[in-house]
Protein chains: 2
Amino acid sequence: MTKDKKTYHHGDLRKTLLDTATAIIREGGVESLSIRKLADQVGVSRTAPYHHFKDKNELLCAIAEQGFLQQDQAVKKIPAQYPTLLPAALFEQYVLAYIRFANEQPETYDLMFGREIWKTGTPTESLKVISKSSFRIWVEWIEELKEKNLFNQEEPTLRIAQASWAALHGLCRLFNDGIYVNREDLEAIATTTVHMLIQTSGKATKSKEIL
Amino acid sequence: MTKDKKTYHHGDLRKTLLDTATAIIREGGVESLSIRKLADQVGVSRTAPYHHFKDKNELLCAIAEQGFLQQDQAVKKIPAQYPTLLPAALFEQYVLAYIRFANEQPETYDLMFGREIWKTGTPTESLKVISKSSFRIWVEWIEELKEKNLFNQEEPTLRIAQASWAALHGLCRLFNDGIYVNREDLEAIATTTVHMLIQTSGKATKSKEIL
DNA sequence: ATATTATCTTGACGGTGTCTAGATTAATAA
DNA sequence: TTATTAATCTAGACACCGTCAAGATAATAT
């Protein structure tokens with residue numbers, strides 16, 4: 001029991017639960033979060049959380065939502081931060097910003113895109129909305145960069161966005177799970193990915209047009 | 001209880017457990033597998049499995065191992081299957097073969113690269129070996145294709161392998177979790193990914209034009 | 001035949017999510 | 001203000017889970 005004042009009504013339990021749960025997950029991953037321990041840590045009975053979240057699933061979705069918002073915010077700053085950068089270098093900054101979030105909060109990231117929510121559980125409507133709008137930001141960037149000839153004009157923007165985003169996502173997951181790659185190589189591999197994804201030269205478009 | 005003959009000793013419990021567990025996971029994912037239900041389904045007491053696998057974790061690792069072997073086998077056939085294909089098209093076949101496995105056995109794939117084993121649990125030594133050798137196959141392919149100018153010569157092979165593999169992996173996870181993409185678009189997005197990853201300019205295009 | 005070892009069983013412990021019914025208090029309507 | 005309603009919290013119970021310990025049984029080695 002963390003709380004001293006033992007009022008019957010907590011006052012702002014919903015927010016407290018969300019914050020504490022977020023902290024628990026950030027430290028030990030989804031698996032380390034149990035409603036019972038959470039309730040105990042907050043100083044409330046085991047079933048109290050169910051008056052603020054229908055499910056454990058709903059709690060997780062709410063936490064994931066916060067993650068999306070946080071990432072969006074961190075990543076939206078990029079254009080203003082690097083106003084002079086050329087398209088290719090700007091794209092690299094986008095990628096790095098994205099990856100850095102996943103690297104700094106791996107457990108939150110895993111929750112945001114993990115099985116627990118999207119496969120085992122059922123994502124909340126509001127989470128779906130937020131995650132989609134988060135992806136849309138990415139699509140819009142790709143759109144802009146495509147106009148600046150960074151990507152093949154013949155390829156549909158959505159496809160490019162999906163493919164490039166999947167590439168990023170794959171990187172993040174590998175780093176987070178520690179498969180096939182070392183954490184120190186993060187930025188290097190990210191840079192390689194960027195180089196592979198973008199159109200390498202003006203010639204490229206040209207020779208394709210010939211085709 | 002599935003088994004009729006009620007001998008005290010099962011005979012080949014280890015294999016039976018492995019096969020049954022694999023089937024359960026293939027159908028309902030890792031979450032749907034419990035040692036107790038598994039034991040019950042096989043017709044044996046709840047703790048019997050512990051004489052063949054130290055842990056649930058060890059069972060999962062053993063199943064994942066089988067997955068890697070199976071995927072390696074399915075994917076190794078490619079070169080012999082398409083002997084006349086040019087590098088770029090061959091690479092695309094590699095990619096498609098890889099993705100198809102993940103698409104046909106999504107739950108097995110998720111187990112092979114999922115948190116359950118690599119983050120929450122502790123991967124068996126033998127699983128580590130097998131998964132690494134599986135990745136090495138990919139690296140060797142990249143090496144070959146790089147020699148044929150499909151990738152930038154200045155980029156280290158390992159980096160290219162990691163980056164391209166991560167891109168694939170990201171795609172598979174997205175499809176499996178159903179985030180941002182529809183299943184019908186699988187091959188189309190995969191193709192886009194291929195086009196983005198390979199070198200489109202200079203000598204590489206040259207060899208393409210020969211076609 | 002006896003001892004050893006591998007295999008399997010039953011019972012128990014502590015953990016989980018969450019449903020139900022009841023207690024307490026805050027908010028609201030009269 | 002008072003009475004009623006609604007929100008919030010608690011305790012108890014249920015059905016799961018992984019797995020440890022101790023004992024039963026059968027195959028194997030001596």
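This one's a predicted model, so the numbers in the text were calculated from it and none came from an experiment. Just so it is clear, the values below take in all heavy atoms, side chains as well, and ignore hydrogens, waters and symmetry mates. So you know, we letter chains A, B, ... as the sequences are listed, proteins then strands, and number each from 1.
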Original post:
Which nucleotide in the list C/dT16, D/dC9, C/dT9 gets nearest to the side chain of B/Val44?
Top reply: C/dT9
Subject >> Closest listed nucleotide, where the reference is the side chain of A/His51 and the choices are C/dA12, D/dT10, C/dG17 >> reply: D/dT10
**OP:** Tell me which of B/Ile35 and A/Ala48 sits closer to the 5' end of DNA chain D, going by the nucleotide each one is nearest to.
**Re:** A/Ala48
Subject >> Donor-acceptor pair present, B/Arg14 side chain and C/dT7 base, under 3.5 Å >> reply: no
**OP:** Take atom NZ of B/Lys37 and atom C1' of D/dG18, then tell me their distance rounded to the nearest Å.
**Re:** 14 Å
Original post:
Between atom CG in B/Leu33 and atom P in D/dC17, what is the gap in whole Å?
Top reply: 10 Å
Subject >> Test applied, side-chain contact (heavy atoms from CB on, under 4.5 Å); reference residue, B/Glu187; option that passes from B/Leu96, B/Asn103, B/Thr192 >> reply: B/Leu96
**OP:** Could you please name the option among D/dT10, C/dG17, D/dA21 that lies closest to any side-chain atom of A/Tyr50?
**Re:** C/dG17
Subject >> Residue A/Arg36, side-chain atoms from C-beta onward, closest of D/dA13, D/dC9, C/dT10 >> reply: D/dA13
**OP:** Tell me which of A/Ser34 and A/Lys54 sits closer to the 5' end of DNA chain C, going by the nucleotide each one is nearest to.
**Re:** A/Ser34
**OP:** Rounded to the nearest angstrom, tell me the gap between atom CD in A/Gln41 and atom P in C/dG15.
**Re:** 15 Å
Original post:
Whole-Å distance between D/dC17 C1' and B/Asp40 CG?
Top reply: 14 Å
**OP:** Figure out the NZ/P separation between B/Lys56 and D/dT19, and round it to whole Å.
**Re:** 8 Å
Original post:
Separation of B/Arg46 atom CZ from D/dC16 atom C1', in whole Å?
Top reply: 13 Å
**OP:** Carefully, step by step, assess B/Tyr180 and A/Trp165 under the rule ring pair (Phe, Tyr, Trp, His ring centres under 6.0 Å).
**Re:** CA-CA 10 Å; B/Tyr180 297 166; A/Trp165 192 87; 4.8 Å; yes
Original post:
Of the non-hydrogen atoms in A/Ala167 and A/Thr193, which two are nearest, and what is the gap between them?
Top reply: CB-CG2, 4.2 Å
Subject >> Any A/His52 side-chain nitrogen or oxygen under 4.0 Å from OP1 or OP2 of D/dC9 >> reply: yes
**OP:** Check the distance between C/dT18's C1' and A/Leu38's CG and give it to me in whole angstrom.
**Re:** 15 Å
Original post:
Any ion pair linking A/Lys146 and A/Glu155 (charged N to carboxylate O, less than 4.0 Å)?
Top reply: no
Original post:
Between B/Phe151 and B/Phe91, is a ring pair (Phe, Tyr, Trp, His ring centres under 6.0 Å) present by the stated rule, with each step listed?
Top reply: CA-CA 11 Å; B/Phe151 302 110; B/Phe91 180 61; 5.4 Å; yes
Original post:
In whole angstroms, how far is the C1' atom of D/dC9 from the CZ atom of A/Phe53?
Top reply: 15 Å
